There are 2 protein chains.
Amino acid sequence: MAKRLASAAPVPLDEIDRALIAALAEDARRPVSELARLVGLSAPSTAERIRRLESQDVIERFTVQLDARALGFTLQAIVRVKPLPGQLHLVEDVLRRIPEFVECDKVTGDDCFICRLYLHSIEQLDEILSKVTERAETSTAIVKSTPVARRLPPLG
Amino acid sequence: MAKRLASAAPVPLDEIDRALIAALAEDARRPVSELARLVGLSAPSTAERIRRLESQDVIERFTVQLDARALGFTLQAIVRVKPLPGQLHLVEDVLRRIPEFVECDKVTGDDCFICRLYLHSIEQLDEILSKVTERAETSTAIVKSTPVARRLPPLG
DNA sequence: AATGAAAGCTCTTAGAC
DNA sequence: GTCTAAGAGCTTTCATT
């Protein structure tokens with residue numbers, strides 16, 4: 001399965017590709033036969049399109065989206081992390097190793113990292129951030145609601 | 001399929017549930033028979049566990065993770081958005097309607113919204129933010145790398 | 001690239017522990 | 001809550017257009 005170069009031009013998608021991706025985004029476990037009906041192709045063609053989208057790296061993977069609340073994570077926070085001088089790599093390692101940080105980006109500007117943190121309670125915030133504050137300044141915002149939950153970007 | 005109450009106690013997961021979720025997170029399209037082998041149960045029991053995790057809302061959905069770069073989104077930005085007085089609801093609507101905002105949280109503190117924005121080019125940043133800046137102050141950080149890509153929270 | 005038909009798997013249901 | 005067994009349904013292969 002030939003891997004696409006990171007620098008290559010965008011993969012062009014047709015209407016059927018877009019419909020297929022939308023159907024898979026809704027429920028990735030739908031049988032190929034059902035997907036085929038939805039996009040108006042035969043099952044073999046549909047299966048081949050899915051394989052093609054995977055080998056072109058348009059589809060990274062099929063995965064499961066969990067509900068943080070059902071798992072007892074009653075709070076979410078967005079934490080901005082600004083490492084103290086000389087602590088950049090250590091801070092990155094610390095963030096990686098704390099599993100409650102479910103997402104973390106290194107960004108331009110004053111705050112070096114922006115991270116999403118899942119919490120069982122507000123008390124847990126201090127507990128977790130204490131592992132970071134020896135090496136970085138942090139600034140925490142508690143999530144009150146999520147007007148846009150993770151969604152697909154525009155496909156065309 | 002009885003829906004779980006949002007306020008209910010966390011759903012307790014056993015080792016098999018955790019293995020099953022991990023296997024589905026890696027590849028949500030794996031056949032039940034393969035999942036069954038991986039977790040050491042029969043196919044019918046495995047299928048029933050998946051249904052149970054869905055009806056308990058632990059599993060929100062099975063979905064597809066796309067590669068933004070293969071789609072031509074060469075840049076990602078994190079934008080903090082602080083609505084001007086009286087513009088809060090309108091700003092929220094604007095963010096929702098711009099599909100390049102793939103995620104958006106309303107948070108405590110001075111910046112009301114924190115959003116993730118996919119971009120085809122740096123020129124597109126101004127283009128998109130101009131729809132917001134009439135109604136809000138924005139502060140943009142460009143993503144340089146992603147030390148922690150979206151991952152599962154701790155399950156146990 | 002897409003299709004239909006058929007072989008081979010996979011899923012689900014049923015019934016029992 | 002789990003299992004086996006068997007029928008129903010799905011996926012894949014391949015020859016064809």
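In what follows, every heavy atom counts, from backbone to side chain, and hydrogens, waters and symmetry copies are set aside. Quick caveat: nothing in here was measured; it's all calculated off a predicted structure. Throughout, protein chains are lettered first and strands after them, A, B, ... in sequence-line order, and every chain is numbered starting at 1.
In this structure, Ile16(B) atom CD1 and dT2(D) atom P are separated by 6 Å, rounded to whole Å. Going from atom CD of Glu48(B) over to atom C1' of dT12(C) covers 12 Å, rounded to whole Å. When the P atom of dA1(C) is taken as reference, atom CD1 of Ile50(A) falls 16 Å away, rounded to whole Å. Between the P atom of dC10(D) and the CD atom of Glu34(B) lies a distance of 20 Å, rounded to the nearest Å. We find that CG of Leu41(B) is positioned 14 Å from P of dC11(C), with the value rounded to whole Å.
Contact annotation: Ser33(B) reaches the phosphate of dC11(C) (side-chain N/O to OP1 or OP2, under 4.0 Å). For Ser45(B) and dC3(D), the shortest distance from a side-chain N or O to OP1 or OP2 is below 4.0 Å.
More than 12 heavy atoms of other shown residues, nucleotides or ligands fall within 6.0 angstrom of atom CG in Asp14(A). Counting non-hydrogen atoms of neighbouring residues, nucleotides and ligands closer than 6.0 angstrom, the CD atom of Glu48(B) reaches no more than 12 such neighbours.
Counting non-hydrogen atoms under 4.0 angstrom, Arg30(B) reaches nothing in the nucleic acid. Within the nucleic acid shown, Arg49(A) comes within 4.0 Å of sugar-phosphate atoms alone, with no base atom in reach, counting heavy atoms only.
Connection of Leu95(A) to Leu119(A) is established within a shared hydrophobic cluster, with ILVMFWY side chains joined at heavy-atom distances below 4.5 Å, either directly or through further cluster members.
Checked by atom type and distance alone, the side chain of Thr138(B) never pairs as donor or acceptor with a backbone atom of Val81(B) at under 3.5 Å.
Electrostatic pairing of Glu103(B) and Arg116(A) counts as a salt bridge here, judged by a charged N lying under 4.0 Å from a carboxylate O. Between Arg52(B) and Asp17(B) there is a salt bridge, with a side-chain nitrogen of the basic residue lying less than 4.0 Å from a carboxylate oxygen of the acidic one.
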(request) Using a 4.0 Å heavy-atom cut-off, write out nucleotides 12-17 of chain D from 5' to 3' as B (base contacted by protein), S (sugar-phosphate only) or - (no contact). (result) BB----

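Set against dT3(C), dT4(D), dC11(C), the side chain of Ser42(A) has dT3(C) as its closest nucleotide.
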